[in-house]
Amino acid sequence: MGKQFDAMLPQHEAFIRQQHIFFVGSAPLSEEGHVNISPKGHNCLTILSPNRVAYLDLTGSGNETSAHLDENKRITVMFCAFEGAPNILRLYGTGKVVLPATAEWDALYPLFSPLPGARQIIDIEVHKVQTSCGYSIPFMSYEGERETLQRWSVQKGEEGLKEYWKEKNTKSIDGMPTPLGKSL
């Protein structure tokens, strides 16, 4: 049965640190808008306090979470145990986008391992933590990170990434502007 907490406990933080993947969910306010769920890997999340996490957001073919946070700040982060004891942990909160060349970026970016293609940081204030059983989640073995995105980002180079962002990351699929798009 699920349990709810006002903050991450030490055992929640330990569980999060053991996971190789997490999922981010966000949605626009419009009923016609698309709900977005994005998988994240590369050990790009850091725990800042029992009520705050942040992740280094890498270049992707879309930028939905960013647009949704700019509109309404709502975000959910979910972790699933694919190895070991069954468990699902969700962080419910509000998030904001932190762009490069800002004081917030300068404060947060050193907390992450540098990764090619980093386009923004998602900073999340957690107001609820929920755990549930995860009994139906299959066992899966971790083999390693895919290096494809990192190789692609290095090959694109800084200017190539900026052009890609202009082409693919300035608006959501629903046409909502992103903070990155507003900054370019």
Side-chain angles (χ1 to χ4, degrees), residues 16-30 32-49 52-80 91 93-126 142-184:
I16 289 169
R17 287 186 181 100
Q18 292 172 344
Q19 304 316 304
H20 301 289
I21 186 172
F22 62 96
F23 302 87
V24 176
S26 63
L29 294 176
S30 167
E32 290 81 34
H34 292 82
V35 174
N36 183 64
I37 302 170
S38 294
K40 306 293 179 187
H42 291 292
N43 192 29
C44 64
L45 183 130
T46 189
I47 299 169
L48 301 169
S49 77
R52 187 174 170 213
V53 299
Y55 69 88
L56 189 61
D57 189 52
L58 306 178
T59 299
S61 56
N63 202 1
E64 304 306 301
T65 302
S66 175
H68 297 160
L69 292 181
D70 197 42
E71 181 197 43
N72 63 59
K73 302 188 181 349
R74 298 176 306 161
I75 189 166
T76 300
V77 181
M78 183 180 76
F79 303 86
C80 299
L91 305 176
T94 56
K96 66 179 177 179
V97 177
V98 176
L99 295 174
T102 64
E104 288 177 288
W105 176 274
D106 293 343
L108 289 173
Y109 186 72
L111 303 175
F112 299 96
S113 296
L115 290 168
R119 64 180 171 186
Q120 57 205 359
I121 295 170
I122 306 298
D123 187 357
I124 303 165
E125 289 292 329
V126 176
Y142 176 73
E143 293 182 31
E145 298 290 338
R146 293 180 196 263
E147 302 300 326
T148 309
L149 181 61
Q150 291 183 43
R151 285 193 308 269
W152 176 86
S153 297
V154 169
Q155 185 178 21
K156 280 274 187 203
E158 190 174 327
E159 289 307 312
L161 284 171
K162 286 181 183 175
E163 285 303 312
Y164 184 85
W165 295 340
K166 286 178 186 175
E167 181 184 337
K168 301 279 190 179
N169 292 169
T170 60
K171 293 186 179 194
S172 73
I173 60 174
D174 297 318
M176 298 170 60
T178 67
L180 182 64
K182 293 175 188 177
S183 75
L184 296 174

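Just so you know, these numbers come straight off a predicted model, no measurement behind them. Here, residue 1 is the first one in the sequence, and each next residue gets the next number.
- Heavy atoms of other residues, nucleotides or ligands lying less than 6.0 angstrom from CG of Asp174 number more than 12.
- Within a 6.0 Å radius of CD1 in Ile37, no more than 12 heavy atoms belonging to other residues, nucleotides or ligands are found.
- Inter-residue side-chain proximity for Asn169 and Thr59 is flagged as met; some heavy-atom pair is nearer than 4.5 Å.
- Looking at every heavy atom in both residues, Leu45 comes nearest to Tyr55 through CA-CB, 3.9 Å.
- Of the inter-residue distances, the one linking Tyr142 atom OH with Gln19 atom CD reads 11.5 Å to the nearest 0.5 angstrom.
- Atom CD in Glu167 sits 11.0 Å away from atom OG in Ser61 (nearest 0.5 Å).
- A distance-only check finds no donor-acceptor pair linking the side chain of Glu64 to the backbone of Ser26 [under 3.5 Å].
- Using a 4.5 Å heavy-atom cutoff, the side chains of Ile16 and Val77 are not in contact.
- Asn72 places a side-chain N or O within 3.5 Å of a backbone atom of Arg74 that can act as its donor or acceptor partner.
- Across all non-hydrogen atoms, the minimal contact from Val98 to Trp105 is CG1-N, 3.3 Å.
- Between Ile124 and Leu69, every side-chain heavy-atom pair lies at or beyond the 4.5 Å cut-off.
- Taking CD1 of Ile47 as the reference point, atom CZ of Arg17 lies at 4.0 Å (rounded to 0.5 Å).
- Under 3.5 Å, the side chains of Glu104 and Thr102 contain no donor-acceptor pair of N or O atoms.
- Between the side chain of Thr76 and the backbone N or O of Gly25, no donor-acceptor pair lies under 3.5 Å.
- Looking at every heavy atom in both residues, Leu161 comes nearest to Gly117 through CD1-CA, 3.9 Å.
- Within the 3.5 Å criterion, the main-chain N or O of Thr170 finds a donor-acceptor partner in the side chain of Thr178.
- Here the straight-line distance linking atom CG of Leu180 with atom NZ of Lys171 works out to 13.5 Å at 0.5 Å rounding.
- When atom types are taken as modelled, the side chain of His42 and the backbone of Arg146 share a donor-acceptor pair closer than 3.5 angstrom.
- Taking both residues in full, the closest heavy atoms of Gly33 and Pro28 are given as CA-CG, 3.5 Å, listed atom of the first, atom of the second, then distance.
- Here Glu163 contributes atom CD and Glu159 contributes atom CD; the two are 7.5 Å apart, rounded to the nearest 0.5 Å.
- For Arg119 (side chain) and Leu58 (main-chain N/O), a donor-acceptor pair under 3.5 Å exists by modelled atom type.
- Two residues are said to be in side-chain contact when any heavy atoms from C-beta on lie closer than 4.5 Å; Trp152 and Pro116 fail this criterion.
- To the nearest 0.5 Å, atom NE2 of residue His20 and atom CG of residue Asn43 are 9.0 Å apart.
- For Gln150 (side chain) and Leu115 (main-chain N/O), no donor-acceptor pair under 3.5 Å exists by modelled atom type.
- No side-chain donor-acceptor contact under 3.5 Å links Gln120 to the backbone of Asp57.
- Contact between Ile75 and Thr94 at its shortest, heavy atoms only, is CG2-C, 4.0 Å.
- Shortest non-hydrogen contact noted between Ala67 and Met176 is O-CE, 3.6 Å.
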